[in-house]
Amino acid sequence: MSKEASKSQEKTMSRIYRGKEIFKPLNTGRIDERVSCVREFVANIFFYTKNGVTIMIDAGYNYDRLEEKLRWLWLKIITGHTGWTDDLDFAFAHRERVCNAWLRQKPHDPQAPYDAYDESDDTEERARSVYLKKQKGVKA
């Protein structure tokens, strides 16, 4: 996407999705000793490092057998819509539902930012010192 398109999307999507709890990006920071994340507005890019090698991961897709296969491996699930969790029931609870930009999401998630395009608390100091919290399910 071009810089111009990105700027346009930032302004438009911020207005449309503000208060709807659709995007729940993690701030830039560390999840554990090997996994870290960088936030760019509503998107996250994740990095996994082991033995001096780092790979970049873009997560958040919905494949037919994804839940089944993740249960085989017992992995942490990290997306820009749910944050990170190791609770697979939470991660896949609403995968059949479509996010509607014109309505507030149900169930309400108090952890969701009001404006996912507001990065005022995404600072270098926090990125270096704060571990990102595991997300938990919300009651319907």
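Just so we're clear, the structure is a prediction, and the values are computed from it rather than from any experiment. Throughout, numbering of the chain's residues begins at 1 and tracks the sequence.
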- Check step by step if salt bridge (charged side-chain N to carboxylate O under 4.0 Å, His left out) holds for Lys134 and Asp86. CA-CA 8 Å; Lys134 178 170 85 171; Asp86 54 10; 3.0 Å; yes

- Do Val38 and Phe47 pass the side chain to side chain contact (heavy atoms under 4.5 Å, CB included) test, and can you show the C-alpha distance, the side-chain angles, and the key distance before you say yes or no? CA-CA 8 Å; Val38 171; Phe47 300 88; 3.6 Å; yes

- Run the numbers on Ser120 and Asp118 for side-chain hydrogen bond (donor to acceptor under 3.5 Å, both in side chains), then give the verdict. CA-CA 6 Å; Ser120 59; Asp118 176 8; 3.0 Å; yes

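No side-chain heavy atom of Arg39 sits under 4.5 Å from any side-chain heavy atom of Leu26. You'll find the side chain of Arg71 reaches within 4.5 Å of the side chain of Asp89, heavy atoms only.
To the nearest 0.5 Å, the span separating OH on Tyr48 from CG on Asp32 amounts to 8.0 Å. Expressed to the nearest 0.5 Å, how far CG of Asn27 lies from CG of Leu132 amounts to 7.0 Å. Considering CD1 of Ile55 and CZ of Arg34, their distance stands at 11.5 Å, rounded to 0.5 Å.
At least one donor-acceptor pair under 3.5 Å links the side chain of Arg30 to the backbone N or O of Glu33. For the pair Thr28 (side chain) and Asp122 (backbone), a donor-acceptor distance under 3.5 Å is absent.
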